[in-house]
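Shown next, in structure tokens, is the structure this report addresses.
Chain letters run A, B, ... following the sequence lines, proteins first, then strands; residues in each count from 1.
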Amino acid sequence: MKKTTQPQCWIILGASSSMARAFARAVAKQGASVILAGRDMADLERSAFDLSIRGSRARAMRFDARDPASFQPIIDTAALHEGVINAAVFAGSMPAQSAIDHDPALIDGVIRDNHIGPATFLSLLAPLIEERGDGCVVGIGSVAGDRGRVGNYVYGSAKAGFATYLSGLRNRLTGAGGHVVTVKPGFVDTAMTWGLKGMFLVAAPEAVAGDILKAVEKRRNVIYTPFFWRYIMFVIRSIPERLFKRLSI
Amino acid sequence: MVWKKTDYSGWGRVLRATADLARPERAQHLAQIASDTPCPAIGNCRSYGDAPLNDTGRAIDMTRLNRVIDFDAQTGIVTVEAGITIGDLTRIFAPLGWLPAVIPGTGFATIGGCIALDVHGKNHHNAGSFGQHVVSVTLLNGDKRTVVTPACNKDLFRATIGGIGQTGIISEARLQLKPCPGDVMMVTERRAGSWDEHLALLDNCQATYCVGWIDTTAKGDKLGRGIVEEGELAAGLLPAAKKSKTVPLDAPGFALSGPVVRGFNAAYYRRVPVSGRSLIKRIDDFFFPLDKIHNWNRLYGKGGFYQFQNVVPLDQADALRTMLERITSAGLSSPLAVLKRMGNGRAGHMSFPMEGYTLAVDFPARDAAVELIEMLENMTIDAGGRLYLAKDALTSAAAIKPMYREHAHWLNLVNEQDPNHHFATDMVRRLDLRTTGDQP
């Protein structure tokens with residue numbers, strides 16, 4: 001673990017989600033300044049005020065994964081901060097698979113929201129991390145990306161693509177002093193999973209945020225959160241395809 | 001998805017509901033739901049009975065709307081989303097030199113809940129109720145968004161404070177905080193050897209915060225013995241957070257049986273020296289002593305428990321003593337029993353407080369407890385006292401309505417605001433609070 005006393009700045013993409021909010025509160029508590037980026041500016045302004053009263057310097061900025069023009073201003077603002085620039089990507093979208101089956105045109109948006117947008121943003125940010133010789137990127141993948149399943153495979157494929165991108169980015173940034181943590185949350189108690197059928201062992205966003213922060217501090221590469229999803233996914237990945245294709249899990 | 005079928009209960013876990021809950025995370029989503037399907041809002045369900053329940057209906061879980069959205073450091077007025085808890089608010093602001101003016105006994109209560117039940121704290125005798133420090137409440141009722149203040153819409157404000165959510169969804173509130181010197185408490189604990197001594201200590205208390213713990217197993221000349229705890233805000237070094245306190249309640253399946261409670265209470269009483277003692281506590285240890293035993297309500301087992309809380313006028317102290325005698329001889333109660341002298345501060349038509357003595361006692365849910373509570377209710381009525389809607393799970397419409405003299409007025413206002421009873425809850429239906437009549 002690399003100890004640093006430098007001021008920290010966290011860019012949080014998709015900052016309106018409950019997991020992102022919990023993570024923002026966790027880094028704010030440690031004294032980091034925070035840029036909350038997302039589409040719902042009114043909501044982000046509220047979160048920014050909330051963080052500032054909790055002792056952080058926080059501001060809201062517009063980020064739309066489908067609008068690359070929104071990316072550079074965030075990076076330029078972050079660059080004004082002294083010290084270490086970090087980014088956590090919580091942005092993403094998950095329409096029901098049945099809706100996608102009905103209208104395959106939705107696939108375009110899913111891949112943009114979960115993969116193309118975040119990856120493009122991070123590639124624009126990477127030189128800044130390399131230049132400062134430090135900085136951590138947290139990318140939220142999903143256990144859905146570990147294996148394509150009938151119930152969720154378009155979202156899963158976007159997350160799988162993003163996970164592979166993160167792996168490559170880790171490879172790139174490590175040499176320059178940076179780091180990338182790939183986070184694969186299981187079921188988290190968020191607006192995205194609220195009321196969905198088949199949820200079990202659902203984790204609180206605060207618990208997930210705590211796990212992520214620990215992974216950042218320990219410079220872990222890939223984490224499952226809660227941890228037992230590593231074993232669940234090991235089992236799911238181990239099922240031979242000739243069997244798996246007949247299952248509905 | 002917006003709705004999730006959820007089985008939930010009040011803190012006492014006796015009354016339950018199965019309902020579709022929405023849990024919006026953004027103000028915009030809340031407004032959408034409020035307009036599409038108006039229904040009651042609920043917080044952390046720390047009310048013991050059915051105040052937060054809407055069985056077979058719908059409700060909006062407000063707990064994800066939990067942010068501080070404005071603060072004026074000159075005036076100490078804070079604006080919050082209604083789902084933020086009083087504990088969070090306390091922990092955020094104490095280090096900044098501000099404190100909620102009234103803090104109830106659990107930090108898990110949401111601000112929306114504190115308003116809807118007009119809660120009180122250990123400083124009720126000098127600071128009044130929670131609602132007296134509310135500057136404004138934002139109500140959502142269908143498409144309508146109303147900012148209610150005591151100046152602009154006094155009647156609606158009074159119907160909302162303590163109004164168990166019947167005037168609309170409490171989405172935001174502005175609160176007047178009070179300055180505080182630091183985030184520690186100087187606490188003085190004194191033994192009260194008997195009922196008379198206990199009352200005398202409460203009557204003569206000059207402290208800002210004051211509450212009595214009562215040993216409901218002590219009989220005879222020890223009846224009413226307990227510990228009176230006084231607190232003053234102070235500045236100083238913060239003691240390290242303790243993992244758990246003296247209360248040995250964290251054993252799973254721990255039976256709160258008679259001998260165990262007697263033994264525990266005796267030890268708890270003797271913990272304080274005869275001459276009393278003063279000590280420094282963390283602010284949240286003082287205000288929320290049970291909060292670090294997470295889900296302590298599970299100690300009562302699957303059947304759950306009741307909390308009986310009443311208040312009787314000052315001149316009815318003897319009646320309260322008789323009630324305590326009945327409680328002790330029944331031998332049903334748990335270590336959790338509180339006696340406090342209240343002032344007359346209340347901010348709503350349906351607010352609980354009145355000047356007098358309030359007694360709160362927990363009972364495991366058994367038939368004998370139900371009978372005992374019914375007797376205590378009747379004695380409360382005879383004493384001209386009142387039951388607390390935040391705690392009640394058992395009383396009847398006929399018993400409750402005469403206790404709240406402004407009920408008829410409140411009812412008219414509420415039915416005007418919500419003619420289709422969108423915000424009615426299980427409690428409202430059980431106690432028939434939204435219909436006229438039955439007035440003696």
Around atom CZ of A:R112, are there more than 12 heavy atoms from other residues, nucleotides or ligands closer than 6.0 Å? no

Counting heavy-atom pairs under 4.5 Å to chain A, which of B:E81, B:K5, B:R91 comes out on top? B:E81

Run the numbers on B:R67 and A:E45 for salt bridge (charged side-chain N to carboxylate O under 4.0 Å, His left out), then give the verdict. CA-CA 11 Å; B:R67 290 169 291 188; A:E45 298 286 359; over 6 Å; no

What part of B:V2 lies closer than 4.5 angstrom to a heavy atom of chain A: side chain, backbone, both or neither? backbone

Part of residues 136-160 of chain A lying next to chain B, heavy-atom separation under 4.5 Å: none

Heavy-atom side-chain proximity of B:W3 to A:W194 below 4.5 angstrom: no

Sidechain N-carboxylate O distance under 4.0 Å for B:K4, A:D189: no

Is atom CD of A:Q30 surrounded by more than 12 heavy atoms (other residues, nucleotides or ligands) closer than 6.0 Å? yes

Check whether more than 12 heavy atoms from other residues, nucleotides or ligands sit under 6.0 Å from atom CZ of A:R39, and answer yes or no. no

What pair of heavy atoms forms the shortest contact from B:A27 to A:R46, and how long is it? CB-NH1, 3.7 Å

Distance, nearest 0.5 Å, that separates CD1 of B:I69 from CG of A:D43: 10.5 Å

Proximity breakdown for A:S47 and chain B, heavy-atom pairs closer than 4.5 Å: both

Turns out that what part of B:N66 lies under 4.5 Å from chain A's heavy atoms comes down to both

More than 12 non-hydrogen atoms from neighbouring residues, nucleotides or ligands closer than 6.0 Å to CG on A:L80, yes or no? yes

Considering all heavy atoms, the nearest B:F71-A:F49 contact: N-CZ, 3.2 Å

In terms of heavy-atom proximity below 4.5 Å to chain A, should B:L21 be classed as side chain, backbone, both, or neither? both

Looking at B:I92, B:D20, B:V68, B:I84, which one has more heavy-atom pairs under 4.5 Å with chain A than the rest? B:V68

Closest non-hydrogen atoms of B:E25 and A:S18, given as atom of the first, atom of the second and distance, are OE2-OG, 3.2 Å

Are any of the side-chain heavy atoms of B:D70 and A:I53 separated by less than 4.5 Å? no

